[in-house]
J.: 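Would you mind keeping the following structure in view while I ask a few things?
Note on naming: letters A, B, ... go to the chains in the order of the sequence lines (proteins, then strands), and numbering restarts at 1 for each one. Only a predicted model underlies this, so the values are computations on that prediction, with no experimental measurement involved.
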2 protein chains.
Amino acid sequence: MYITPKRGVLDPQGRAIEHSLKSLGFHNVGQVRMGKYIELDVAAQSAEEAAGEVGRMCEQLLANSVIEDYRLEVEGA
Amino acid sequence: MYITPKRGVLDPQGRAIEHSLKSLGFHNVGQVRMGKYIELDVAAQSAEEAAGEVGRMCEQLLANSVIEDYRLEVEGA
């Protein structure tokens with residue numbers, strides 16, 4: 001799953017990366033947004049069940065829904 | 001781009017998430033790996049040029065190639 005700062009929320013890590021890249025000479029860089037990427041294995045009967053389960057994990061623990069969005073991708077095993 | 005710990009490298013954040021999820025009652029969770037997800041805009045003539053540029057950014061700044069792998073996806077603007 002991908003957890004990213006919502007649009008409009010200040011992203012200090014992204015800004016820091018942007019400045020560092022520019023000072024390394026990468027002048028064609030535009031806006032940088034930094035988020036989290038989490039891979040996990042879930043035992044489930046179906047892709048829908050796995051997605052529902054991981055959605056609940058995001059809501060309860062992994063994402064702060066006030067300032068972050070999340071997005072899931074399910075891969076079969 | 002996605003930056004993840006290499007297989008075999010200890011991933012303490014992933015382990016911490018795994019334990020927290022289990023203590024919240026998600027017992028069907030297997031291994032968790034935590035990485036970084038970075039979105040950035042690059043001005044380039046082609047997808048190949050953009051990918052090359054972002055690859056250089058990863059090598060020079062964003063990923064620690066001793067312990068991390070990275071993977072790129074390019075989207076047209």
J.: If hydrophobic clusters are built by linking Ile, Leu, Val, Met, Phe, Trp and Tyr wherever their side-chain heavy atoms come under 4.5 Å apart, do A:Ile3 and A:Met34 end up in the same one?
T.: no
J.: Give me the atom names and distance for the closest heavy-atom approach of B:Lys36 to B:Leu62.
T.: NZ-O, 4.0 Å
J.: With side-chain hydrogen bond (donor to acceptor under 3.5 Å, both in side chains) as the criterion, how do B:Tyr70 and B:Glu68 come out once you've worked through the C-alpha distance, each side chain's angles and the decisive distance to 0.1 Å?
T.: CA-CA 7 Å; B:Tyr70 65 87; B:Glu68 292 171 327; over 6 Å; no
J.: At a heavy-atom distance under 4.5 Å, which candidate from A:Glu53, A:Glu18, A:His27, A:Arg56 has the highest pair count against chain B?
T.: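 Maximum pair count with chain B is reached by A:Glu53.
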J.: Which bit of A:Gln13 is near chain B, if near means a heavy-atom gap under 4.5 Å: side chain, backbone, both or neither?
T.: neither
J.: Kindly write out the residues that satisfy salt bridge (charged side-chain N to carboxylate O under 4.0 Å, His left out) with A:Glu48, not counting sequence neighbours, or none if the list is empty.
T.: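 A:Glu48 satisfies salt bridge (charged side-chain N to carboxylate O under 4.0 Å, His left out) with no other residue.
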J.: Quick one: which of B:Gly30, B:Gly14, B:Gly35 has the most heavy-atom pairs under 4.5 Å with chain A, could you say?
T.: B:Gly35
